[in-house]
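All figures in this text were calculated on a predicted structure; none of them were measured in a lab. The figures that follow rest on heavy atoms only: side chains count, while hydrogens, waters and symmetry mates do not.
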Amino acid sequence: MTLIGVSVPASSDTGGRLLATGGGTQIEGAAGGGIVPWAVIAGYGAEDEFGADATVSYATTRDLDLSVLALSAGFNNRFEVSFGHQRLDVGPLDAQVRQNVFGAKMRLAGDLIYTDMPQISLGVQHKRQQDFVIPSALGARSSSGTDVYLSASKLFLAGPGGRSLLLNGTVRATNANETGLLGFGGAENDSHRLVGEASAALFLSRNTAVGVEYRQKRANLSGVDEDDWWDVFIGYFPNKNFSVIGAFVDLGSVAGLERQSGAYVSLQASF
């Protein structure tokens, strides 16, 4: 796993929250890690402030390429709205799957830093397929679905070795196949089930963090395995205007294609 950070001039007009406390942008458009949403709100806006992120992400594995364009905005460090457009290219089939994800998140209680209680947020992600041929052929029941999740995040400023440590846990209700990229529901299950997700990030310096993520998934499609996802990442936040995250990702088996592991990179501009 490699990462190249490119520094750009800092802006004193960017919001009042601490550096990196908006996280990155996950593949569905919400603020958080690469594959797991966190309880944090997009941007750097504190109370009575607005913040926004624009993100381009790309993941490549043995047979798959996933491109994501995402926009997200945070209001008063309380509400978040997001949009993500995903395109999955399936090499062996010379085919493409596209999906739009419309998201919203609300901070319910706590603060990432300033309260003993973790920051707790409730989020929703409505997903709509634009290419349903492959999911339908695999047995998916629907081209659209809605996930609901609850996340808790806490940043410990004096963590291991005096370094800051961020921990996040997410519980999601979903009937999505491969996060919706392969449709929703199937012969094995058509109802929402609870799955767990987790992230941990250790700051090696003020602007560099390393961490791991894990995302549990359930198999809904008959005869098609769906493995849990995980990644190991490094993030560089030179200032509040720009960040870059690189990772090694392991998606396991996807649509019968085995050993789907590879590289992930995400470039984010914050306003």
Side-chain angles (χ1 to χ4, degrees), residues 25-30 34-37 56-70 82-103 123-149 170 172-197 213-231 247-266:
T25 299
Q26 55 114 202
I27 58 170
E28 288 139 314
I35 61 175
V36 176
V56 178
S57 302
Y58 177 74
T60 182
T61 68
R62 183 179 182 180
D63 300 300
L64 307 171
D65 294 292
L66 177 64
S67 303
V68 182
L69 300 176
S82 62
F83 170 77
H85 176 74
Q86 303 170 321
R87 189 187 75 190
L88 178 68
D89 292 297
V90 185
L93 301 180
D94 192 25
Q96 184 181 98
V97 175
R98 295 172 298 163
Q99 178 172 250
N100 289 329
V101 184
F102 304 88
V124 61
Q125 293 174 335
H126 178 67
K127 307 175 182 182
R128 288 188 171 274
Q129 279 271 338
Q130 295 181 288
D131 306 284
F132 195 52
V133 175
I134 294 177
S136 178
L138 292 172
R141 295 283 181 84
S142 177
S143 62
S144 65
T146 302
D147 292 358
V148 178
Y149 64 90
T170 296
R172 180 188 300 264
T174 182
N175 69 337
N177 308 317
E178 300 294 0
T179 72
L181 290 166
L182 296 184
F184 303 84
E188 297 296 322
N189 175 69
D190 199 34
S191 61
H192 282 62
R193 294 179 177 177
L194 293 179
V195 292
E197 306 171 9
E213 295 186 289
Y214 171 81
R215 181 163 176 167
Q216 184 185 31
K217 300 180 17 273
R218 298 286 179 87
N220 299 321
L221 301 174
S222 179
V224 180
D225 291 334
E226 182 166 344
D227 293 332
D228 297 344
W229 289 2
W230 61 270
D231 68 50
F248 170 82
V249 297
D250 192 315
L251 312 181
S253 174
V254 178
L257 302 172
E258 303 292 336
R259 300 191 298 276
Q260 298 304 313
S261 61
Y264 168 88
V265 63
S266 180

Inset, instruction - May I have the step-by-step check of side-chain contact (heavy atoms from CB on, under 4.5 Å) for Leu69 and Val56, ending in yes or no? - result: CA-CA 5 Å; Leu69 300 176; Val56 178; 3.8 Å; yes

Inset, instruction - For Gln130 and Asn100, run side-chain contact (heavy atoms from CB on, under 4.5 Å): C-alpha distance rounded to whole Å, both residues' side-chain angles, the deciding distance at 0.1 Å, then the answer. - result: CA-CA 8 Å; Gln130 295 181 288; Asn100 289 329; 3.6 Å; yes

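Here the closest non-hydrogen pair linking Phe132 and Ala140 is CZ-O, 3.8 Å. Ser67 approaches Tyr58 most closely through the heavy-atom pair OG-CD1, 3.5 Å. Considering every non-hydrogen atom in both Val68 and Gln86, the closest pair reads CG2-CG, 4.1 Å. Asp231 approaches Ala247 most closely through the heavy-atom pair CB-CB, 4.5 Å. Considering all non-hydrogen atoms of both residues, Ser144 and His126 come closest at CB-CE1, 4.4 Å.
For the residue pair Thr174 / Asp147, a side-chain donor-acceptor distance below 3.5 Å is found, with atom types taken as modelled. There is a side-chain donor-acceptor pair under 3.5 Å between Gln26 and Gln125. Residues Gln260 and Thr61 bring a donor and an acceptor atom of their side chains to less than 3.5 Å of each other. A donor-acceptor contact closer than 3.5 angstrom is absent between the side chains of His85 and Arg87.
Atom CZ of residue Arg128 and atom OG of residue Ser143 lie 7.5 Å apart, to the nearest 0.5 angstrom. Interatomic distance, CG of Asp65 versus CD of Gln96, reported as 11.0 Å (0.5 Å rounding). With rounding to the nearest 0.5 angstrom, the OG atom of Ser222 is 12.5 Å from the CG atom of Asn189. The CG atom of Asp225 lies 6.5 Å from the CD atom of Glu258; values are rounded to the nearest 0.5 Å. If you take CG on Leu138 and CG on Asn220, they are separated by 12.0 Å, rounding to the nearest 0.5 Å. Atoms CG and CD, from Leu182 and Gln129 in turn, are 7.5 Å apart once rounded to the nearest 0.5 Å.
Residues Ile35 and Tyr264 are not in side-chain contact: their nearest non-hydrogen atoms beyond the backbone lie 4.5 Å or more apart. The side-chain heavy atoms of Glu197 and Glu213, taken from C-beta on, include no pair separated by under 4.5 Å. Using a 4.5 Å heavy-atom threshold, the side chains of Thr25 and Ser57 count as separate. A 4.5 Å side-chain heavy-atom check between Trp229 and Val249 finds every atom pair outside the cut-off. Annotation: side chain of Thr179 is in contact with side chain of Arg215 (closest heavy-atom distance under 4.5 Å). A heavy-atom distance below 4.5 Å is found between the side chains of Glu28 and Lys127. The closest side-chain heavy-atom distance from Arg172 to Pro37 is below 4.5 Å.
Between Asp63 and the options Val254, Leu257, Val90, a side-chain contact (heavy atoms from CB on, under 4.5 Å) holds for only Leu257. Exactly one residue among Thr60, Leu181, Asp89 makes a side-chain contact (heavy atoms from CB on, under 4.5 Å) with Leu66. That residue is Leu181.
Looking at Glu226 and Arg193, no side-chain N of the basic residue comes within less than 4.0 Å of a carboxylate O on the acidic one, giving no salt bridge. The pair Arg218-Glu188 fails the salt-bridge criterion, with no side-chain N (NZ, NE, NH1 or NH2) lying under 4.0 Å from an Asp/Glu carboxylate O.
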